[in-house]
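Reading through the structure tokens given below for one structure.
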Amino acid sequence: PETRADGAHAVAERVRRRRARESLVHDEVPLAVRASIGLAAVDSPEQFERLTAEHLLARADASLYRSKQLGRDRVTHVPPALSPAFAAPV
């Protein structure tokens, strides 16, 4: 909350990197765990007033799928201008 997209991206990137350094063990077999993270952000108070939770979730979902398309194990934020299908209602 109350974090701009660049700040959220930095936090998500730290989470992703930490996850990449750790491994899980299952039946004595080490497993690498990676994370693809999709972000959604509200750029202005005006935009906040027009968006619903569903719009934000749709943007985060679009960003997550973009991360996977780009090769996984990354943080992606698709700005509203690049995802018109998920733009705020006018």
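Owing to the predicted nature of the structure, the values given are computational and were not obtained by experimental measurement. The first residue of the sequence shown is numbered 1, and numbering continues consecutively from there.
- E13 contributes atom CD, which lies 4.5 Å from atom CZ of R17 (distance to the nearest 0.5 angstrom).
- When every heavy atom of S67 is checked against every heavy atom of V75, the shortest pair comes out as OG-C, 3.9 Å.
- A distance of 10.0 Å separates CD of Q69 from CG of L64, quoted to the nearest 0.5 Å.
- For S36 (side chain) and R72 (main-chain N/O), no donor-acceptor pair under 3.5 Å exists by modelled atom type.
- Side-chain N or O atoms of T76 include none that pairs as donor or acceptor with a backbone N or O of G38 at under 3.5 Å.
- One finds the CZ atom of R34 at 8.5 Å from the CZ atom of R16 (value rounded to the nearest 0.5 Å).
- The two residues R59 and A41 come nearest to each other via the heavy atoms NH1-O, 3.8 Å.
- Atoms CG and CD1, from D73 and I37 in turn, are 9.0 Å apart once rounded to the nearest 0.5 Å.
- A heavy-atom distance below 4.5 Å is not found between the side chains of T3 and V11.
- Not counting sequence neighbours, the partners of R19 by the salt bridge (Lys or Arg N to Asp or Glu O under 4.0 Å) test are E22.
- Taking CZ from R74 and NZ from K68, the interatomic distance works out to 13.0 Å, rounded to the nearest 0.5 Å.
- Scanning all heavy atoms of the two residues, the minimum distance from L39 to S63 falls at O-OG, 2.8 Å.
- Atom CG of L56 sits about 9.5 Å away from atom CD of E54, to the nearest 0.5 Å.
- Applying the side chain to side chain donor-acceptor pair (under 3.5 Å) criterion to E49, with sequence neighbours excluded, gives no partner residue.
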